[in-house]
Structure formats: C-alpha cells, structure tokens
Asks: 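This structure is in structure tokens; I'll ask about it shortly.
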Amino acid sequence: MDWKNRTLTTLCLAATVLLAACSVSYKFNGASIDYSKTKTIQIAEFPIRSSYVWGPMAPMFNNELRDQFSAHTRLIQVKRNGDLKIEGEITQYQQRNKSVSAEGYSSLTELSMTVNVRFTNNVKHSEDFERTFTATQSYETTHTLNEVQEELVTQMCKDLCDQIFNATVANW
C-alpha cells in the first residue's frame, strides 16, 4: 500500500510541475489586439440614414458599441486620431411579414436593422474594410411593434455590436 501512495504522490507532483512549466494564454473576450502598438480607438456616432426610423435606436446602438469595446478591450476611447477608427451609419430599419397563418394573415413579423461600417486600422491598414452588418428579430403579430420594439432593437444592437467587435478586433 505504501508504494501506491508514493507513486500517486509522485505522479501528482510531476503533473503539477509539468503544468506549471507550460504557458498557455487564453483571451476569453475574443480580442486579439497588440496593446504595445494599438492603444486607442475612435468610435464615431452612427447617424440614422434609413427611411423608417425609431428615435431611440441610434443612441442605443452608439452606446452599446462603445460599451462593447470598453468592456472587452483595454483600448482608450478618443474623439480623434485613434489607432483604430470605427465609423458608419444605420442604413436600414424595416419590418416584413415572415410567415402567414392558415387564414391568410401575417402571423410572424421580422424586424431588421442594417449598419454600414467603415473600419480603419492606422497601425495595420491591410485590416481596413467597409462592410454592412445586419441583425434580425421576429415577433408574433399578436403584439404590436410598439409593444416589442424596445426589446427587439436592444437585442439587435447587441447582435450588431458583437458582429462589429468580432470583425474589427477579434479577427473572426
């Protein structure tokens, strides 16, 4: 029995030493930023350029985008001359029928929001891009848009900001 305890102790000690010798680095926020070169980010206001508008949409989106980078990076947000620059506009906000009931009426409506994003990486211009991102949410037509709009727009803003974050600093 004594030799089993020594063997087990030796194996545990060896595993501990082996694990301590390894250096593994994970970034749980998904950002892959070289902070020695990239220190600042400039996030411009995204105005609404859509023909259909819901007033609170732009502030909700702009705040969520800034919060996303603030919460998941160590980048300092600046008004101008950032190492990274994100600008664009909300180009589309619309709803459409997604499915029809047996009676021939709309039973599900899809709400969508599209933003056009121009990203400039002043440290590495090969990563610059201009791209559109779209998020959608559906709701049953037993509810009016006014009843569900705030919740749906909040979710679409989060989805869009995740997409933009991943495309700009997560390199996904």
Side-chain angles (χ1 to χ4, degrees), residues 26-33 38 40-80 82-122 124-172:
Y26 291 103
K27 296 177 183 170
F28 293 105
N29 63 12
S32 56
I33 301 168
T38 307
T40 61
I41 186 166
Q42 175 185 343
I43 302 174
E45 291 286 322
F46 278 60
I48 300 174
R49 301 278 189 251
S50 173
S51 57
Y52 182 64
V53 174
W54 183 56
M57 182 172 54
M60 289 171 72
F61 175 79
N62 289 312
N63 291 335
E64 180 66 30
L65 188 59
R66 285 187 178 86
D67 290 349
Q68 179 89 342
F69 281 87
S70 184
H72 299 294
T73 70
R74 292 182 293 169
L75 296 171
I76 299 165
Q77 294 186 24
V78 296
K79 296 280 186 197
R80 62 179 62 92
D83 297 325
L84 304 178
K85 182 178 180 182
I86 299 174
E87 57 187 342
E89 50 279 332
I90 299 168
T91 58
Q92 194 171 44
Y93 180 64
Q94 66 180 9
Q95 59 180 341
R96 67 178 182 87
N97 293 332
K98 189 170 182 179
S99 67
V100 178
S101 68
E103 294 82 29
Y105 297 105
S106 173
S107 62
L108 197 63
T109 301
E110 182 178 77
L111 189 64
S112 68
M113 183 174 165
T114 301
V115 294
N116 183 56
V117 175
R118 289 176 298 284
F119 173 68
T120 306
N121 184 335
N122 289 314
K124 190 175 180 183
H125 281 288
S126 62
E127 295 181 357
D128 295 357
F129 67 79
E130 182 169 358
R131 192 180 311 163
T132 59
F133 298 90
T134 301
T136 61
Q137 289 289 313
S138 297
Y139 66 96
E140 293 182 16
T141 53
T142 55
H143 299 287
T144 65
L145 179 59
N146 286 338
E147 293 173 333
V148 297
Q149 189 163 223
E150 184 173 355
E151 179 184 339
L152 298 178
V153 170
T154 299
Q155 190 56 46
M156 287 189 298
C157 286
K158 287 180 182 179
D159 185 20
L160 286 165
C161 292
D162 284 344
Q163 292 178 50
I164 294 166
F165 182 86
N166 289 337
T168 55
V169 298
N171 295 325
W172 288 5

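Everything quoted here is computed from the prediction, not taken from an experiment.
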Asks: Can you tell me how far the CG atom of Leu108 sits from the CZ atom of Arg96, to the nearest 0.5 Å?
Replies: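 The distance works out to 9.5 Å.
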Asks: Counting neighbours of CD on Glu151 that are heavy atoms of other residues, nucleotides or ligands and sit closer than 6.0 Å, is the number greater than 12?
Replies: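 No, the 6.0 Å shell around CD holds no more than 12 heavy atoms from other groups.
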Asks: Let me confirm one number: the CG-NZ distance from Asn121 to Lys85, rounded to the nearest 0.5 Å.
Replies: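 It is 13.0 Å, given to the nearest 0.5 Å.
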Asks: State, yes or no, whether a side-chain contact exists between Asn97 and Thr109 at a heavy-atom distance under 4.5 Å.
Replies: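 Sidechains of Thr109 and Asn97: in contact.
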Asks: Considering only residues two or more places apart or on different chains, which pairs with a residue in residues 53-64 satisfy side chain to side chain donor-acceptor pair (under 3.5 Å)?
Replies: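 Sorted result for residues 53-64: Glu45-Asn62.
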Asks: When rounded to the nearest 0.5 angstrom, what distance separates CG in Leu65 from CD1 in Ile43?
Replies: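 With rounding to 0.5 Å, CG (Leu65) is 4.5 Å from CD1 (Ile43).
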Asks: Would you check if the side chain of Asp159 reaches a backbone N or O of Gln155 as a donor-acceptor pair within less than 3.5 Å?
Replies: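 Here the side-chain-to-backbone pair does not exist.
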Asks: For the pair Ser70 (side chain) and Arg66 (backbone), establish whether a donor and an acceptor sit closer than 3.5 Å, ignoring hydrogens and angles.
Replies: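 No, the answer is negative, given that no donor and acceptor are paired below the 3.5 Å cut-off.
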Asks: Do the side chains of Leu84 and Thr168 get nearer than 4.5 Å, heavy atoms only?
Replies: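 Side-chain contact under 4.5 Å: no.
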Asks: Ser50 and Met113: side chain to side chain contact (heavy atoms under 4.5 Å, CB included), yes or no, with the steps?
Replies: CA-CA 9 Å; Ser50 173; Met113 183 174 165; over 6 Å; no
Asks: Restricting to side-chain hydrogen bond (donor to acceptor under 3.5 Å, both in side chains), what partner residues turn up for Thr114, sequence neighbours left out?
Replies: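 In terms of side-chain hydrogen bond (donor to acceptor under 3.5 Å, both in side chains), with neighbours along the sequence ignored, Thr114 is linked to Thr134.
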Asks: Show your working on salt bridge (Lys or Arg N to Asp or Glu O under 4.0 Å) between Arg118 and Glu89 and close with a plain yes or no.
Replies: CA-CA 9 Å; Arg118 289 176 298 284; Glu89 50 279 332; 3.0 Å; yes
Asks: Which atoms form the tightest heavy-atom contact between Ser112 and Thr136, and what is the distance?
Replies: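 The answer is CB-CG2, 3.5 Å.
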Asks: Does any non-hydrogen side-chain atom of Gln149 lie less than 4.5 Å from one of Asn146?
Replies: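 The answer is yes; the side chains approach within 4.5 Å.
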Asks: Grab the two heavy atoms, one from Thr40 and one from Gly82, that are nearest each other, plus how far apart they are.
Replies: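 Result for this residue pair: OG1-CA, 3.3 Å.
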Asks: Any heavy-atom pair between the side chains of Gln77 and Ile41 that's under 4.5 Å?
Replies: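 They are in contact (side-chain heavy atoms under 4.5 Å apart), so the answer is yes.
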Asks: Testing the basics here: between Cys161 and Gln68, what is the closest heavy-atom pair and its distance to 0.1 Å?
Replies: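 Here Cys161 and Gln68 meet closest at O-NE2, 3.8 Å.
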Asks: So do the side chains of Tyr139 and Gln95 get within less than 4.5 Å of each other, counting heavy atoms only?
Replies: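 Counting from C-beta outward, Tyr139 and Gln95 do come under 4.5 Å.
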Asks: Could you list the residues that satisfy side-chain hydrogen bond (donor to acceptor under 3.5 Å, both in side chains) with Glu150, not counting sequence neighbours?
Replies: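 Counting only residues at least two positions away or on another chain, Glu150 forms no side-chain hydrogen bond (donor to acceptor under 3.5 Å, both in side chains).
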Asks: Of all the heavy-atom pairs spanning Thr38 and Leu75, show the shortest one and how long it is.
Replies: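 Between these two residues, the closest heavy atoms are O-CD2, 3.6 Å.
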Asks: With Phe61 as reference, evaluate Phe133, Phe46, Tyr93 under the ring-ring contact (aromatic ring centres under 6.0 Å, His included) test and give the passing residue.
Replies: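 When ring-ring contact (aromatic ring centres under 6.0 Å, His included) is applied between Phe61 and each of Phe133, Phe46, Tyr93, only Phe46 qualifies.
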Asks: Looking at Ala58 and Ile90, what are the two nearest heavy atoms and their distance?
Replies: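 So the two residues come closest at CA-CD1, 3.9 Å.
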Asks: Specify the closest pair of heavy atoms between Pro47 and Gly88, including all atoms of both residues, with the distance to one decimal.
Replies: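 Heavy atoms of Pro47 and Gly88 come nearest at CD-O, 3.3 Å.
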Asks: Rounded at 0.5 Å granularity, tell me how far CD1 in Ile76 sits from CZ in Arg74.
Replies: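 That separation rounds to 10.5 Å.
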Asks: For a 4.5 angstrom cut-off between non-hydrogen side-chain atoms, does Phe119 reach Ile164?
Replies: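 Answer no - side chains too far apart.
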Asks: Could you check whether any side-chain N or O of Thr120 sits under 3.5 Å from a backbone N or O of Asn122, counting only pairs where one atom can act as donor and the other as acceptor?
Replies: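 Looks like no, no N/O pair under 3.5 Å.
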